[in-house]
Amino acid sequence: MIRQKSFLQPNVVNPFVHREKLTLARKLQIAIMSVTIAPIRLFMFLATGLFSYLVAIPLTMGVDLKSDKPVGNFRYCLFEILRLLGRLMFFFCGFHYVEVRGKHRDSKDVQMLVTAPHSSFFDGISVFIDRGLPSAVSRSENAASAIMGTLLKATQPVLVSRDDPRSRQNTIEKIKERARSKGAWPQVLIFPEGCCTNGKALITFKSGAFIPGVAVQPVTIEYLNDWDTYRWTMDAPGAFELLWMTLCQWQTHCRVTFMPIYHPDKNEQENPKLFANSVRHRMAKQLGVTSTEHTFEDCRLMRHACKLNLPMESGLIEFSKLSRKLDIDVDKAKGLLSKFSEIAKKNPGGEISIEDFSKFLNLPITPILQEMFDMYDRNGSGFIDFREYIIGLSLLAIPAVSENTVKLAFKMFDQNGDGLISKEEFTKLLQTTQGEDTDSDSIFKEIVPGKDKISYDEFYHFAQRRPEYAYLFLCYTDTL
């Protein structure tokens, strides 16, 4: 059976999970460091953070986060003190030396710094390793915090508000303005992945940094320790636990690479997504990892899968690709996942077998049902996973719910032509096509509970609610 290659599930590692098993040696190291060096490091880290805040108060006095003008050069030079203090905080976390490769170009050459992979809150080290504090894109709620808001002023951030429906457009306009300022504003540092991953693949880049269509400098971050205590993924330990284990490392080896400036061609200037993908593939090649079409929406679906007692990986479907090709949003995908769980809940693997499919539809396993199952089962594994289920519904079942198709199926069932399908007519056709073992009575009751005949409207609404049947009804018209 021919499949569209673009819909095949790539064989990649889940980029949103990171499980680190503690060996006996690691546990012993934590025990020793927890009563010796780690508490001292934590104290110095917090003390330096508090001191940075106290220093930031006079340095940022009078700075308006909503201003359309950058601060003056003299004040910007004073902000260098905060950058050095920030680097000192990382030093107390064990980042004694950061290997820097390539050359960090200044704001006169390039305004946009795109950094990946985004896998940890320690990724902030890229802000403090070279002269000049870059701006960041931050939630406006952060600016309302006394400590965070004061420190944010030194970076002159681009603020995003979740409550303002115009915020996204305003943010894009501000990024455009700064990207084209030719050094008037500080550089803008963006993590285009938009969420934390395990760094084993670069997921879909959001297009915000690429909309202005100007040159960008890609920046990669790598953590080189064998004991990885940095990845802050959805199933990883909490932030403080990761921080504490990092404090218990002897030291942290980190590499930051400033890649050559990437200048978009005309097509990339007009197409931010193409621009983003070109930069992503170049960064992935530098890192020696693959690129995937996963996004933060995959994380949301994985969390929803856990709530439904499905394996977490059930929700990992490369949402960006399916959304683009099948025109579905994340809320619709979550609804389909809930429906999928009703069928697959008894299978510990979180997949649908032909037996599960048969039971869900109250139909025996016949050549027609097997054919439909095989159409869903795109990789021929003998099971339908959630990704295959979405594609099957979108390409097979849902398109079958057209008015012409449903009318044709209704006429096929309505053998006496009176505009209604009796229970006898329904049972006769189902058992003719599906076999005498078919539980036609249960399906009839599901369509019209408490009635003895089905109208066209009731038949059509059932096909919309259960599109798998619409596809089977279409198959019946071809076999009779």
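All figures in this text were calculated on a predicted structure; none of them were measured in a lab.
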Handout entry: side chain to side chain donor-acceptor pair (under 3.5 Å) evaluation trace for His104 with Gln187
Key = CA-CA 11 Å; His104 177 199; Gln187 291 176 313; 2.8 Å; yes
Exercise for the section: Examine distances only and state if a side-chain atom of Glu388 and a backbone atom of Asp385 form a donor-acceptor pair shorter than 3.5 Å. Expected result: yes
Exercise for the section: Answer yes if the side chains of Thr233 and His18 hold a donor-acceptor pair under 3.5 Å, and no otherwise. Expected result: no
Exercise for the section: Would you please say whether a donor-acceptor pair under 3.5 Å links the side chains of Arg231 and Ser120? Expected result: no
Practice task
Report yes if the side chains of Ile261 and Arg105 come closer than 4.5 Å at any heavy-atom pair, otherwise no.
Solution key: yes
Problem - Donor-acceptor contact present, side-chain Gln156 to main-chain Ser135, <3.5 Å - result: no
Exercise for the section: Given side chain to side chain contact (heavy atoms under 4.5 Å, CB included), test Met283 with Phe205 step by step and report yes or no. Expected result: CA-CA 11 Å; Met283 296 177 75; Phe205 279 9; 3.9 Å; yes
Exercise for the section: Using atom types as modelled and distance alone, determine if a side-chain donor or acceptor of Thr197 lies under 3.5 Å from a backbone N or O of Gly199. Expected result: yes
Exercise for the section: Look at the side chain of Gln217 and the backbone N and O of Leu113, then say whether any donor-acceptor pair between them is shorter than 3.5 Å. Expected result: no
Exercise for the section: Compute the ring centroids of Tyr230 and Phe121, then answer whether they are less than 6.0 Å apart. Expected result: no
Practice task
Of all the heavy-atom pairs spanning Ala209 and Val216, show the shortest one and how long it is.
Solution key: O-CG1, 4.3 Å
Practice task
Give a yes or no on whether the ring-centroid distance for Phe92 and Phe45 is below 6.0 angstrom.
Solution key: no
Handout entry: Side chains of Leu84 and Phe128 in contact at under 4.5 Å (non-hydrogen atoms)
Key = no
Exercise for the section: Give a yes or no on whether a salt bridge exists between Lys339 and Glu342, defined as a side-chain N under 4.0 angstrom from a carboxylate O. Expected result: no
Handout entry: Within the 6.0 Å centroid threshold, strictly below: His253 and Tyr223
Key = no
Exercise for the section: Check whether any side-chain heavy atom of Met234 sits under 4.5 Å from a side-chain heavy atom of Met312, and report yes or no. Expected result: yes
Practice task
Could you tell me whether a side-chain N or O of Ser323 sits under 3.5 Å from a main-chain N or O of Ser320, the two making a donor and an acceptor?
Solution key: no
Practice task
Begin with the C-alpha distance, continue with both residues' side-chain angles, and end with the deciding distance and a verdict on side chain to side chain contact (heavy atoms under 4.5 Å, CB included) for Phe122 and Trp232.
Solution key: CA-CA 9 Å; Phe122 291 113; Trp232 197 23; over 6 Å; no
Problem - Least distance between heavy atoms, Pro264 atom then Glu268 atom - result: CA-OE1, 3.2 Å
Atom pairs and distances, donor-acceptor, side-chain atoms in residues 301-309, under 3.5 Å, two or more places apart:
residue, atom, partner, partner atom, Å
His304, NE2, Lys334, O, 3.4
His304, NE2, Ser338, OG, 3.0

Exercise for the section: Specify the closest pair of heavy atoms between Tyr389 and Tyr376, including all atoms of both residues, with the distance to one decimal. Expected result: O-CE2, 3.8 Å
Problem - Smallest separation among heavy atoms of Cys196 and Ser119, with atom names - result: SG-C, 4.0 Å
Problem - Interatomic distance, Ser358 atom OG to Phe373 atom CZ [nearest 0.5 angstrom] - result: 10.5 Å
Handout entry: Residues Thr246 and Thr229: side-chain donor-acceptor under 3.5 angstrom
Key = yes
Handout entry: Whether over 12 other heavy atoms sit under 6.0 Å from Lys176 NZ
Key = yes
Exercise for the section: Using a strict 4.0 Å threshold on nitrogen-to-oxygen distance, state whether Glu99 and Arg101 make a salt bridge. Expected result: yes
Practice task
Report yes or no: do Asp265 and Gln269 form a side-chain donor-acceptor pair below 3.5 Å?
Solution key: no
Exercise for the section: Please check if the side chain of Arg255 supplies one atom and the backbone of Val98 the other of a donor-acceptor pair under 3.5 Å. Expected result: no
Exercise for the section: Flag the pair Cys195 / His118 as yes when at least one side-chain heavy-atom distance between them is below 4.5 Å, and no otherwise. Expected result: no
Practice task
Grab the two heavy atoms, one from Met89 and one from Ser52, that are nearest each other, plus how far apart they are.
Solution key: SD-OG, 4.2 Å
Practice task
Start with the C-alpha gap between Arg83 and Glu80, add the side-chain angles, then the distance that decides, and say whether salt bridge (charged side-chain N to carboxylate O under 4.0 Å, His left out) holds.
Solution key: CA-CA 5 Å; Arg83 185 191 70 80; Glu80 183 71 5; 2.6 Å; yes
Exercise for the section: Check whether any side-chain heavy atom of Arg178 sits under 4.5 Å from a side-chain heavy atom of Val158, and report yes or no. Expected result: yes
Problem - Heavy-atom pair with the smallest gap, counting every atom of Phe90 and Gly124 - result: CZ-C, 3.7 Å
Enumerate donor-acceptor pairs with a distance under 3.5 Å from any side-chain N or O in residues 27-43 to protein atoms, sequence neighbours excluded.
residue, atom, partner, partner atom, Å
Gln29, NE2, Cys248, O, 2.9
Ser34, OG, Ile30, O, 2.6
Ser34, OG, Trp244, NE1, 2.9
Thr36, OG1, Ile32, O, 2.7
Arg41, NH1, Leu247, O, 2.7
Arg41, NH1, Gln249, O, 2.7
Arg41, NH2, Trp250, O, 2.8

Problem - Pairwise side-chain contact, Thr220 with Thr115, heavy-atom cut-off 4.5 Å (strictly under) - result: no
Practice task
Please check if the side chain of Gln111 supplies one atom and the backbone of Pro186 the other of a donor-acceptor pair under 3.5 Å.
Solution key: yes
Practice task
Indicate yes or no: at least one non-hydrogen side-chain atom of Met245 is less than 4.5 angstrom from one of Glu241.
Solution key: yes
Problem - Inter-residue atom distance Leu336.CG - Ile328.CD1, 0.5 Å rounding - result: 6.5 Å
Exercise for the section: Starting at CG of Leu85, measure out to CZ of Arg87 and round the result to the nearest 0.5 Å. Expected result: 12.5 Å
Handout entry: side chain to side chain contact (heavy atoms under 4.5 Å, CB included) assessment of Asp356 paired with Phe360
Key = CA-CA 6 Å; Asp356 297 325; Phe360 173 68; over 6 Å; no
Problem - Side-chain donor or acceptor of Asn225 paired with backbone N/O of Asp228 under 3.5 Å - result: no
Exercise for the section: Determine yes or no for a side-chain-to-main-chain donor-acceptor pair under 3.5 angstrom, with Asn198 supplying the side chain and Lys200 the backbone. Expected result: yes
Practice task
Report the residue from Lys325, Lys321, Arg280 that forms a salt bridge (Lys or Arg N to Asp or Glu O under 4.0 Å) with Glu293.
Solution key: Arg280
Handout entry: ring pair (Phe, Tyr, Trp, His ring centres under 6.0 Å) between His294 and Phe319, intermediate numbers included
Key = CA-CA 6 Å; His294 297 110; Phe319 179 82; over 10 Å; no
Practice task
May I ask you to check whether over 12 heavy atoms, not counting those of Asp327, lie within 6.0 Å of atom CG?
Solution key: no
Completion exercise
side chain to side chain contact (heavy atoms under 4.5 Å, CB included) with Phe386: of Ile391, Leu310, Leu316, Ile317, only one passes, and it is Ile317
Exercise for the section: Please assess Ser278 against Tyr262 for the test side chain to side chain contact (heavy atoms under 4.5 Å, CB included), listing each intermediate value before the final yes or no. Expected result: CA-CA 9 Å; Ser278 298; Tyr262 186 93; 3.3 Å; yes
Practice task
Quick one: pull up OG1 in Thr290 and NE2 in His281 and give me the separation to the nearest 0.5 Å.
Solution key: 8.5 Å
Problem - Spacing of Ile354 atom CD1 and Asp377 atom CG [to the nearest 0.5 Å] - result: 9.5 Å
Completion exercise
Rounding to 0.5 Å, atoms CD (Glu318) and OG1 (Thr295) come to a distance of 9.5 Å
Exercise for the section: Check whether any side-chain heavy atom of Ile129 sits under 4.5 Å from a side-chain heavy atom of Phe258, and report yes or no. Expected result: yes
